[in-house]
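So the structure is just underneath, and the comments pick up after that.
When a ligand or atom number is given, it counts from 1 through the structure's own listing order. What you see is a predicted model, and the numbers here were worked out from it, not measured in a lab.
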Amino acid sequence: MENVGVMMTTPMSAYLEQQLQQRFTLFKLWESPSRTQFLTRRADSVNAVVGDTKIGADSELIDSLPRLEIVSTYSVGLDKIDLDKCRERGIRVTNTPDVLTDDVADLAIGLALTTLRRICACDAFVRNGSWRNGDFQLATKFSGKSVGILGLGRIGSAIAKRAKAFGCTIGYHSRTKKQITDYRYHSNAVDLAANCRILFVACSLTDETRHIVNREVIDALGPGGVLVNVGRGALVDEHELVSALCEGRLGGAGLDVFENEPHVPELFFELVNVVLLPHVGTDTVETSNTMADLVVANLECHFLKKPLLTPVI
Ligand code: NAP
């Protein structure tokens, strides 16, 4: 398949680059001085785009690639792909569902525990010698708390399963009510937030869910509540989140994702009740390699005219 041109939009995985290079003609967009320069020379040679959570395939990129047949994203989230444009042009789209679910759910629970038990502050307390002057202050218990899941999809369900093992009660809000009798359904995000202590955000980012966690939801969670976001930054109104934390209207936050990554509002850095991670939900060696294999396998299926493994379109 050396005659198939695959363009990666941004560095995402050395292993993926190696696998693509072995099978296809690989173009690395970031190695060109500019997108325009790359497209002027190579637009006709690109049959597939591999994007990720940073740079996907927007309508401008899709329009500039006349021979584009498939977008295979190294992510489960589709928010960086213009799906309407792909449908219009008959371009296939695949993502990497399921294989990353456990890692993201593990990290979500880790974020809740780290925020409530103040694990980062405890670590600093030992390292900087403060322990010699007295004990660390008391933190907040996680086990047995009421948990809310915003988006009971693959990742949300895996978080619920883990939280259940901690003896937590589970409430959720999704587009659809599920057939799970021991999880309580809430018809909107405000009602969910008002009825839980720890709110996990795990829904997909779309026009409908942008800022689904707004001031009203944050205030409903309140000073005793903690927000954990492993979905996408723009699901939360970050400006409102910062002010609620600064004003003590929200108890704390554990965040893997931000609205304008890699830029994080500096006000967060001054807060002791937040834990900040650089979007590492799926970043284990095991999962990143499995995601890469799935990206490659989808491309191979497409160009061998076999059914796609994880088709979106
Ligand atoms: P999924 O199975 O498709 O779940 C998406 C969930 O979002 C579903 O429960 C869906 O509701 C809900 N949802 C969609 N639109 C909604 C709306 N308007 N109101 C309320 N809920 C809505 O996807 P997944 O595999 O669990 O992944 C979820 C998201 O996690 C991804 O889209 C991605 O953005 C994010 N993610 C982050 C990381 C990270 O590194 N932090 C890694 C992987 C994924 P229904 O159940 O009713 O369909």
Side-chain angles (χ1 to χ4, degrees), residues 12-13 51-56 73-81 83 93-112 114 147-163 170-180 183-193 199-214 216-217 227-236 238 253-259 261-262 264 275-288 290-292 294-295 310-313:
M12 47 197 97
S13 149
D52 71 351
T53 57
K54 295 183 282 296
I55 305 178
T73 184
Y74 178 71
S75 68
V76 67
L78 301 164
D79 46 285
K80 288 282 163 69
I81 304 171
L83 295 175
V93 176
T94 64
N95 63 347
T96 59
D98 298 313
V99 296
L100 46 68
T101 298
D102 283 342
D103 269 358
V104 184
D106 290 352
L107 195 80
I109 296 295
L111 267 174
T114 310
V147 154
I149 313 271
L150 190 46
L152 197 72
R154 287 172 291 246
I155 292 170
S157 301
I159 296 170
K161 184 177 155 195
R162 285 158 176 72
I170 314 292
Y172 71 97
H173 167 66
S174 272
R175 283 173 301 192
T176 50
K177 189 175 175 183
K178 317 288 174 197
Q179 304 296 326
I180 306 166
Y183 297 173
R184 187 160 169 222
Y185 175 71
H186 297 268
S187 60
N188 61 72
V190 178
D191 193 43
L192 175 67
L199 179 63
F200 289 92
V201 183
C203 60
S204 36
L205 176 62
T206 63
D207 289 344
E208 292 87 58
T209 59
R210 191 170 297 275
H211 287 191
I212 190 169
V213 178
N214 55 18
E216 207 185 344
V217 173
L227 180 79
V228 175
N229 187 6
V230 292
R232 285 285 182 267
L235 293 165
V236 177
E238 205 165 71
L255 308 169
D256 184 42
V257 286
F258 300 87
E259 274 207 85
E261 295 172 6
V264 175
V275 175
L276 309 168
L277 304 182
H279 199 153
V280 290
T282 62
D283 289 1
T284 63
V285 174
E286 296 88 339
T287 293
S288 62
T290 311
M291 288 166 66
L294 188 51
V295 166
T310 50
V312 176
I313 296 176

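When each atom of ligand 1 is checked for a heavy atom of His173 under 4.0 Å away, the hits are 20 (C). Interface of Gly281 with ligand 1, defined as ligand atoms under 4.0 Å from a residue heavy atom, comprises 39 (C), 40 (O). Numbered from 1 in the order shown, with element, the atoms of ligand 1 that lie under 4.0 Å from a heavy atom of Thr282 read 40 (O), 42 (C).
Looking at every heavy atom in both residues, Ser13 comes nearest to Tyr74 through CB-OH, 3.5 Å. Here the closest heavy-atom approach between residue Ala193 and residue Leu199 is recorded as CB-CD2, 4.3 Å. Between Thr96 and Leu294, the shortest heavy-atom distance links the atoms CA-CD2, 3.7 Å. The minimum heavy-atom distance between Ala105 and Ile155, with the atom names listed, is CB-O, 4.3 Å. Among all heavy-atom pairs drawn from Leu192 and His173, the shortest one is CD2-N, 3.7 Å. Here the closest heavy-atom approach between residue Gly77 and residue Ser75 is recorded as O-OG, 2.8 Å.
Note: an N/O pair closer than 3.5 Å links Ser204 and ligand 1 by distance alone. Residue contacts with ligand 1: Val280 is placed with no nitrogen or oxygen under 3.5 Å of a nitrogen or oxygen of the ligand (distance criterion only). Considering both main-chain and side-chain atoms, Ser174 comes within under 3.5 Å of ligand 1 through a nitrogen or oxygen pair. Between Arg154 and ligand 1, at least one N/O pair is under 3.5 Å apart. Of the polar atoms of Ile212, none of the N or O atoms is found under 3.5 Å from an N or O of ligand 1, judged by distance alone. Between Gly153 and ligand 1, at least one N/O pair is under 3.5 Å apart. Looking at Arg175 next to ligand 1, an N or O pair under 3.5 Å apart turns up. Distances between N or O atoms of His279 and those of ligand 1 include at least one value under 3.5 Å.
Residue Glu259 forms a side chain to side chain donor-acceptor pair (under 3.5 Å) with just one option from His211, Arg210, Arg232, and that option is His211. Here the options are Val230, Leu111, Leu255, the test is side chain to side chain contact (heavy atoms under 4.5 Å, CB included), and the partner is Leu277; only Leu111 passes.
Contact check for Val104 versus Val76: no side-chain heavy atoms found under the 4.5 Å cut-off.
Nearest protein neighbour of atom 29 (C) of ligand 1, counting heavy atoms only, is Cys203 O, 3.7 Å. Protein heavy atom at the shortest distance from atom 26 (O) of ligand 1 is Ile155 N, 2.8 Å. Among protein heavy atoms, atom 42 (C) of ligand 1 sits closest to Val104 CG2, 3.4 Å. Nearest protein heavy-atom contact of atom 35 (C) of ligand 1 is Gly231 O, 3.5 Å. Of the protein's heavy atoms, Lys178 NZ, 2.4 Å lies nearest to atom 46 (O) of ligand 1. The protein heavy-atom contact nearest to atom 28 (C) of ligand 1 is Ala202 O, 3.4 Å. Regarding atom 38 (C) of ligand 1, its nearest protein heavy-atom neighbour is Val230 O, 3.6 Å. The nearest heavy-atom contact from the protein to atom 44 (C) of ligand 1 is Val76 CG1, 3.2 Å.
Ion pairing between a basic and an acidic side chain is recognised when a charged N comes within 4.0 Å of a carboxylate O; Lys161 and Asp102 show no such pairing.
At least one heavy atom of Leu152 sits less than 4.0 Å from an atom of ligand 1.
Taken from CG in Leu152 to CD1 in Ile180, the straight-line distance is 5.0 Å, to the nearest 0.5 Å. Going from atom OG1 of Thr206 over to atom CG of Leu235 covers 8.0 Å, rounded to the nearest 0.5 Å.
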